[in-house]
Amino acid sequence: MVRFKNRYVLCEVVSEDPRCRQCIEDRAVGLAVKDAIARAHGDYGLACCSVSFTVKYLNAYTGTVLLRCRKDFHRLLCSALPLVRQLESRNQRSACFLNTLHVGGTIRSCQKFLIQYNRRQLLMLLQNCTNEEERRCIRQSVLSCSLTEEQSQSGDEEEDDGTE
C-alpha cells in the first residue's frame, strides 16, 4: 500500500476589518483558494492541487487557516495564495488576503510553529502596553502558551501518523 505524503500550509487571514474574519467559513476559504489556483495555473494546476486539497482547520476568531495538499504540488498552492483578495461567505464579500506563515509535513509541526508565533506576537504586544493591568493579562497569556497537556496525549499519534 502506498502512502501519499502531504504538506500543510499554515496561513493567517489579514483584513482591515477584524469583524469580517468572524463570518468566514472553511468552504469559502477552500473555494477562494481553488479559484486563485485556477487563475494562476489553469486547469492543470487546479486538477493537481484538488486531489487532496482540504481546509483542515479554520479559526475565524484568530484568522488562522491550515490547508492540506499533496507534497508534489504544495508549491503550486503556495504560489497561488497571494492571489486571494476576497472571501465570500453568507452573501458578504470581505476584502482580505492570506499570509503564509509556515509550510510543514505534519499538523503537529504547524501547531508548534503557531504556538511560537503567537508567543512572539504576545511579546510584541507586551512592549506596547500602556498600563499594568494590560501587562499582567498579556504575561499570563504568554505563560499559558504551551503543549504540555497535548504532548502526553498525542505522543502515540505522531508515531502512528508516519508523515514526513
Side-chain angles (χ1 to χ4, degrees), residues 1-15 18 20-122 144-164:
M1 187 166 159
V2 176
R3 180 177 55 93
F4 294 108
K5 293 187 177 182
N6 295 312
R7 286 291 177 254
Y8 296 90
V9 181
L10 182 66
C11 305
E12 71 175 336
V13 178
V14 179
S15 65
C20 72
R21 287 191 309 208
Q22 295 175 356
C23 65
I24 304 173
E25 298 173 343
D26 55 347
R27 187 181 62 80
V29 173
L31 290 175
V33 170
K34 284 183 180 181
D35 182 52
I37 292 170
R39 281 186 284 136
H41 303 290
D43 291 337
Y44 173 76
L46 182 60
C48 290
C49 291
S50 292
V51 172
S52 70
F53 175 78
T54 56
V55 178
K56 293 299 281 185
Y57 175 74
L58 171 68
N59 188 338
Y61 182 71
T62 61
T64 304
V65 179
L66 186 66
L67 306 171
R68 181 189 77 184
C69 70
R70 286 247 176 108
K71 179 183 176 185
D72 299 333
F73 306 113
H74 79 278
R75 290 189 179 153
L76 291 176
L77 173 66
C78 290
S79 66
L81 287 178
L83 299 177
V84 175
R85 293 288 176 213
Q86 65 183 2
L87 295 175
E88 182 177 349
S89 64
R90 301 179 189 153
N91 295 327
Q92 292 181 333
R93 289 186 179 186
S94 54
C96 60
F97 65 93
L98 295 177
N99 182 22
T100 304
L101 299 175
H102 181 71
V103 178
T106 61
I107 294 175
R108 178 102 171 124
S109 68
C110 292
Q111 285 176 333
K112 288 180 181 179
F113 175 82
L114 187 58
I115 288 172
Q116 292 299 326
Y117 177 77
N118 287 336
R119 187 174 286 166
R120 284 190 303 254
Q121 295 295 323
L122 287 172
S144 68
C145 291
S146 69
L147 281 178
T148 55
E149 295 174 19
E150 294 180 281
Q151 285 177 349
S152 61
Q153 295 173 356
S154 64
D156 300 329
E157 290 178 13
E158 193 168 325
E159 294 171 6
D160 296 339
D161 187 23
T163 310
E164 187 66 27

Quiz prompt | Residue pairs involving residues 41-61 (criterion salt bridge (charged side-chain N to carboxylate O under 4.0 Å, His left out); sequence neighbours excluded) | solution = none
Below 3.5 Å, can you tabulate the donor-acceptor pairs from side chains in residues 95-104 to any protein atom, sequence neighbours excluded?
{"unit_1": "N99", "atom_1": "ND2", "unit_2": "E12", "atom_2": "OE2", "d": "3.2"}

Quiz item: Which atom pair, heavy atoms only, marks the closest approach of K34 to L46?
Solution: O-CD1, 3.5 Å
Quiz item: How would you list, by chain and number, every residue that makes a side-chain hydrogen bond (donor to acceptor under 3.5 Å, both in side chains) with Q22, sequence neighbours excluded?
Solution: none
Quiz item: Out of curiosity, Y8 OH to L66 CG, how far, rounded to the nearest 0.5 Å?
Solution: 7.5 Å
Distance-only criterion, 3.5 Å: show the donor-acceptor pairs between side-chain atoms of residues 73-88 and protein atoms not counting sequence neighbours.
{"unit_1": "H74", "atom_1": "ND1", "unit_2": "K71", "atom_2": "O", "d": "2.8"}
{"unit_1": "S79", "atom_1": "OG", "unit_2": "H41", "atom_2": "NE2", "d": "2.8"}
{"unit_1": "S79", "atom_1": "OG", "unit_2": "R75", "atom_2": "O", "d": "3.1"}
{"unit_1": "S79", "atom_1": "OG", "unit_2": "L76", "atom_2": "O", "d": "2.9"}
{"unit_1": "R85", "atom_1": "NH2", "unit_2": "P82", "atom_2": "O", "d": "3.4"}
{"unit_1": "E88", "atom_1": "OE1", "unit_2": "R93", "atom_2": "NE", "d": "3.3"}

Quiz item: Roughly how far apart are I115 CD1 and C110 SG, rounded to 0.5 Å?
Solution: 11.5 Å
Exercise. List in chain and number order the residues that pass side-chain hydrogen bond (donor to acceptor under 3.5 Å, both in side chains) with T64, two or more places apart in sequence or in another chain; answer none if no residue qualifies.
Key: T62
Quiz item: Hey, what do you get for CZ (R7) to CG (L67), rounding to the nearest 0.5 Å?
Solution: 14.5 Å
Practice problem: Using atom types as modelled and distance alone, determine if a side-chain donor or acceptor of R68 lies under 3.5 Å from a backbone N or O of S52. | Solution: yes
Self-check item: CD1-OG distance between I37 and S50, expressed to the nearest 0.5 angstrom
Solution: 6.5 Å
Quiz item: In chain order, what residues pass the salt bridge (Lys or Arg N to Asp or Glu O under 4.0 Å) check against D35, with sequence neighbours excluded?
Solution: R39
Practice problem: Find out whether F53 and V33 are in side-chain contact, i.e. whether some heavy atom of one side chain is under 4.5 Å from a heavy atom of the other. | Solution: yes
Quiz prompt | Nearest-0.5 Å distance that lies between atom CD1 in I24 and atom CG in N59 | solution = 10.0 Å
Quiz item: Say you draw a straight line from CG of L10 to OH of Y117; how long is it, rounded to the nearest 0.5 Å?
Solution: 9.0 Å
